[in-house]
Structure formats: structure tokens, C-alpha cells
Amino acid sequence: MKKHAIIPIFIPHKGCPNDCVFCNQKKITAHSKAVTPEDVRTTIDEWLTTLENPRPEVLEVAFFGGSFTGIPMEEQSAYLAIAKEYKDAGRIDRIHMSTRPDYIDEKILDNLTAYGADVIELGVQSFDPEVLKLSGRGHNAACVYESSRLIKDYGFTLGIQLMIGLPGDSLEKCIYSAEETIKIRPDVARLYPTVIMEDTELCAMYERGEYAPLSMNEAVSRTKAMYEILDGAGINIIRVGLKSSDIITDGNSISSRTFHPAFRQLVEGEIARDRITAILDKKLAELPHHENPLMTDIYSSPGWYSNMIGNSGVNRDYFTENYPGLLIKFKTDESLADNAYRIEIKGEKKIWKRNL
């Protein structure tokens, strides 16, 4: 049984006054048919035909589009009323939306409470003033702290979304954003390396030579640093990197340097490699000299086996190349927590040579 499933409903923000350099919402909205409450009902019904048998442990209706609470209140209420019907009937468990930090106040939260909303994710992107300004966000970091406080005071599940590699960004600023996120203590977080979309100001900046996207290695390295900070603080990281379905332009992203369909595995695979290397080096330093290859078993939880091996087997190849004195087998152990590893070095493997 699937543990968690989301019924996504995209609500274009028709009245957004902001001009974030990475966003092409206005172009999408101009070419999109307005979403009606009945469209919401139809979407939920269509998804439920495949999700109710068997039913996931947690089933959410999620309103995406960037700024749900920025649309007129009566429209918010019309959409939420449909979702609430399904929640009251027990057919879904939670109502979820994403919005901007400056589109949160007590009136908005009172209305969300009245319709049984559960999860609010804030598109924070960065806590650095320069990055926010150069990205055209139209808000400062102060409103992030205040809106987060209000959301938590009202009892909602709080999510924070951060972007990596925006104009003016750096590794140090990414780490700062992760550390500030910890101070807020959200329930969940998402980490998105910046991808240049067509028909955006960021695309124009790129074409003018005013912006250079991160390389894939840089994107993975920065995201890994942020991931370890958030994960170490016990924050549930529910997404790392965009899905292909998130690239909602008329065409495609023009920069694939920071987009990979398995970007999360790239990040978690590097974390796994670093942790296994540290354990392995410590164990080998404690062993006496040996002449023959050592039989070695490396264990992970079943859920982290693919990360232990690495995307396309990159970690398996790394350990084979860098530890030629080991005969390594990768195995699973259900008693291990995710991102925890156990290594057993069993002894020397005798290799008999025959004289021809």
C-alpha cells in the first residue's frame, strides 16, 4: 500500500503583482483556461478512481500554482469548499496549499481554518536580502519569520521551500538559508536547484550573459550541504529537485545543467558515499596488514539501498575503484534506519594462482 499520495490541482495566480525572475506564471495564466470549482471536483474524482483501491494511508488534495492565498478570498473559499466536502466524507485526509510568505495574515488563516485546511507551504526561496532583491521576490526575510509564526500558532503544518542557485546566491548563502530555516522549525521542507525556464526574466538574463546557472556538480554539492543541515535538525525533506511534470512551460527548460529526473538520488547518493567512506576508512585503519582482498559487506536499510549503490551504480563503481583491496557486496538490513550503514569485514579471501 502506498503511504502517501497527493491529488495536485494547479490554480494559476491571476493577480500576482510580483515579477520573480524565475517564474513564467503570467505567461502560463494568459494561455490557461480559468479553473472552476467544478474543475476541482472533476480532478479529485478522476484521481480517486485510481487512488481509492487500495487507498493510501494519507491522501491529500494540494492546491499548487505558487500563491493560492493571493487569489481573491471568495475564489479561495469556492475551491476549498469542494475539497472540504471530500475531507468531511473521509475520502481525503488533508488539504494542502503553497503560497508566498507575504500572502499570509490572520484573516487568510481564519478562512483556511474554516475550510479545514491542514498544510501551508511557503515559497521562501532564500533568506539572503541580496538574493531576494535580485530575484524580484518583492518581500524580505522578516515577513517569512512572521508568516511562519502565524501559521504555526494556528496549528497548521508548515512547509518551507528553498531554491539553490538564484542570482547572487552562493554556497555560504545557501547554508545561511538552511540554518535560518532550522530556527523556524518547519515540519517539512523542499529543496529546488534553480532551472532556467523559457519566457522568464531569468532566461533573458542568461541570454544577456548576466546570469550563469550552476553546473550539475555545484547544484548537487550545495543541495547536499543544505540537506544535511535540515535532515540533521529532524526536518522532513519531502522533495529534492523538480519533477519533469513541474516543468510546466509551453516548451522545456532551456538549461538541463541543474535538472535531473533523479536529482534527489544524486544528492542522497553522495551523502551515502561520504558516510560509508568515513566508516570504512576508520575500520581499515584499525586492521592489521593484509595481503589478500578482504571480504566486505556493506549494509543499508532497504529504502536507502539505491542511494548506497548510487545513481547508475556510481557509488558501487567508486568503492570498487578506490578500495581495490576489498571484495565488496552491498546488502540490506531492515533494522537500520534510513541513511545509516553497517560494514562487516569478514577476513581475507585467498586467491590461488596456478603456474601454467
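On a predicted model such as this, the values are computed, not experimentally measured, just so you know.
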- request: May I ask you to decide if N307's main-chain N or O and N315's side chain share a donor-acceptor pair within less than 3.5 Å?
  value: yes
- request: Indicate the atoms forming the closest heavy-atom contact of D93 with K87, along with that distance.
  value: O-CE, 3.5 Å
task: Answer yes or no: is there a donor N or O on one side and an acceptor on the other, between the side chain of T50 and the main chain of W47, under 3.5 Å?
output: yes
- prompt: For T157 and D118, does a side-chain donor sit closer than 3.5 Å to a side-chain acceptor?
  reply: no
- request: Among K329, K331, K283, find the residue that satisfies the salt bridge (charged side-chain N to carboxylate O under 4.0 Å, His left out) test when tested with D297.
  value: K331
statement: On a heavy-atom basis, the closest approach of L171 and A225 is CD1-CB, 4.2 Å
field: Minimum-distance pair of heavy atoms, taken over all atoms of G165 and T194
entry: C-OG1, 3.5 Å
message: With a 6.0 Å cut-off on the ring centroids, do Y206 and Y211 count as close?
response: no
task: Evaluate whether atom CD of E334 has more than 12 neighbouring non-hydrogen atoms of other residues, nucleotides or ligands under 6.0 angstrom away.
output: no
- request: Would you check if there is a donor-acceptor pair between the side chains of N339 and Y341 at a distance under 3.5 Å?
  value: yes
message: Can a side-chain donor-acceptor contact be found between T36 and D39 if the only test is distance below 3.5 angstrom?
response: yes
- request: Check step by step if salt bridge (Lys or Arg N to Asp or Glu O under 4.0 Å) holds for D45 and R41.
  value: CA-CA 6 Å; D45 284 337; R41 187 185 302 279; 5.8 Å; no
- prompt: Do E268 and Y227 have side-chain atoms, one donor and one acceptor, less than 3.5 Å apart?
  reply: yes
Donor-acceptor contacts under 3.5 Å from residues 316-324 side chains, at least two apart:
residue : atom : partner : partner atom : Å
T320    : OG1  : R316    : O            : 2.9
N322    : ND2  : Y318    : O            : 2.8
Y323    : OH   : D281    : OD1          : 2.6

- line: Residue set satisfying ring-ring contact (aromatic ring centres under 6.0 Å, His included) with F127, at least two apart, ordered chain then number -> Y145
query: Would you say the side-chain atoms of S77 and N111 include a donor-acceptor pair closer than 3.5 Å?
result: yes
message: Do V188 and I237 make a side-chain contact, defined as non-hydrogen atoms from C-beta onward lying under 4.5 Å apart?
response: no
- request: Using the ring of Y299 (Phe, Tyr or Trp, six-membered ring only), decide whether R342 places NZ or CZ under 6.0 Å from its centre and within 45 degrees of its axis.
  value: yes
message: Please find the pair of heavy atoms, one from T99 and one from I104, that lie closest to each other, and give the distance.
response: CG2-CD1, 3.9 Å
field: For the student: nearest non-hydrogen atoms of S98 and G65, plus distance
entry: OG-N, 4.2 Å
task: Of all the heavy-atom pairs spanning R100 and L122, show the shortest one and how long it is.
output: O-CD2, 3.8 Å
